[in-house]
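Written below as structure tokens is the structure these notes are about.
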Amino acid sequence: MEVRQIGQEDRDEWLKLRTRLWPTESGEPMTSASHVTLDNQHAAVFVAEHEGRLVGFAEVSVRAQAEGCRTSPVGYLEGWYVDAANRSSGVGGTLVKAAEDWASQQGCREMASDCVLGNTVGLVAHEHLGYRPTVKSVFLRKSLS
Ligand SMILES: CC(C)(COP(=O)(O)OP(=O)(O)OC[C@H]1O[C@@H](n2cnc3c(N)ncnc32)[C@H](O)[C@@H]1OP(=O)(O)O)[C@@H](O)C(=O)NCCC(=O)NCCS
């Protein structure tokens, strides 16, 4: 298994993996929430390749601040996914380490992330890698019409 920064040739496979993590999204990476694109210098995508195919990715960006963090800028784990057949063998941890090293090279001294309430595995995996819960909040919406 190899973890490396994404290349243009990985784009289609990466988009397929993205739709598994975010089934309601089209897969296109230019979401206002993540700002992750292949040519954004404030963000990076790392992919894990195993036997010639992509089995996971981590998207990381540099944000000015993040809830519960004490420093600025902050590395933010925008997306993290490993194919079900390849979980619990260290792929996710290696991807996060690559994201953290990249954020550190951008001058970040802290990492932040988020996890949907009820995603027990996501939370536990974060905690195993040293992440601790900070603020717990709920997103709200209202139509203006
Ligand atoms: C979260 C996810 C990316 C982890 O990937 P992974 O390849 O299984 O992660 P790793 O095998 O590197 O495990 C990382 C750490 O979490 C722990 N962990 C992973 N899955 C676990 C599980 N089901 N139960 C308990 N601990 C678990 C590992 O033991 C490891 O800790 P360690 O280094 O102390 O041994 C993967 O489960 C996934 O894609 N889940 C669906 C998408 C998702 O929830 N993403 C995160 C959004 S918050």
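Sequence positions, counted from 1, serve as the residue numbers for this chain. Numbering of ligands and ligand atoms starts at 1, following listing order. Bear in mind the structure is a predicted one, so any value in this text is a computation, not a measurement.
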Give the cluster check for [X] versus [Y]: same hydrophobic cluster or not, with ILVMFWY residues linked at side-chain heavy-atom distances below 4.5 Å.
X: Leu21; Y: Ile6; value: yes
X: Leu129; Y: Val74; value: no
X: Leu17; Y: Leu15; value: yes
X: Val82; Y: Met1; value: yes
X: Tyr76; Y: Trp22; value: no

Those atoms of ligand 1 less than 4.0 Å from some heavy atom in [X]:
X: Asp114; value: 48 (S)
X: Val124; value: 25 (C), 26 (N)
X: Val91; value: 7 (O), 12 (O)
X: Val121; value: 23 (N), 37 (O)

Just by distance, no angles: are the side chains of Glu110 and Thr71 close enough, under 3.5 Å, to form a donor-acceptor pair?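 A donor-acceptor contact under 3.5 Å links the two side chains.
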Quick one: does Val116 get a heavy atom under 4.0 Å from ligand 1?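 Contact absent.
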For Glu127 and ligand 1, answer yes if some heavy atom of the residue is under 4.0 Å from a ligand atom, otherwise no.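 Checking ligand 1 against Glu127, which is what was asked, there is no heavy-atom contact under 4.0 Å.
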Evaluate [X] for polar contact with ligand 1, using N/O atom pairs at a separation under 3.5 Å.
X: Tyr81; result: no
X: Trp80; result: yes
X: His128; result: yes

Who's the nearest protein heavy-atom neighbour of [atom], and how far?
atom: atom 39 (O) of ligand 1; result: Val82 N, 2.8 Å
atom: atom 33 (O) of ligand 1; result: Leu129 CD2, 4.3 Å
atom: atom 11 (O) of ligand 1; result: Gly90 N, 2.9 Å
atom: atom 19 (C) of ligand 1; result: Ala125 CB, 4.1 Å
atom: atom 40 (N) of ligand 1; result: Arg87 CZ, 3.6 Å

Nearest neighbour of atom 8 (O) of ligand 1 from the list Cys115, Ser88, Gly92, on a heavy-atom basis: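 Residue with the shortest heavy-atom distance to the ligand atom: Ser88.
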Verify, without hydrogens or angle tests, whether Arg4 (side chain) and Phe46 (backbone) share a donor-acceptor contact under 3.5 angstrom.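 No; judged by distance alone, with no hydrogens or angles, the pair does not exist.
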Under a 4.0 Å heavy-atom limit, does [X] contact ligand 1 with its side chain, its backbone, both, or neither?
X: Ser113; answer: neither
X: Leu21; answer: side chain
X: Asn119; answer: side chain

Hey, are Arg53 and Glu13 close enough for a salt bridge, meaning a charged N less than 4.0 Å from a carboxylate O?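 Here Arg53 does not pair with Glu13 in a salt bridge, since their nearest N and O are not under 4.0 Å apart.
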Lys/Arg-Asp/Glu bridge criterion (N-O < 4.0 Å) met for Asp101, Lys97: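 Salt bridge: yes.
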Side chain to side chain, Val96 and Tyr131, heavy atoms closer than 4.5 Å: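 In short, these two side chains touch, coming nearer than 4.5 Å.
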Is there a protein heavy atom less than 4.0 Å away from atom 13 (O) of ligand 1?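 It does not: no protein heavy atom is found less than 4.0 Å away from atom 13 (O) of ligand 1.
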If every non-hydrogen atom of Leu95 is compared with every non-hydrogen atom of Phe57, which pair is closest and at what distance?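 Taking every non-hydrogen atom into account, CD1-N, 3.6 Å.
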Please report the interatomic distance NE2(His126) to CE(Met111), rounded to the nearest 0.5 Å.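 One finds 8.0 Å between NE2 of His126 and CE of Met111.
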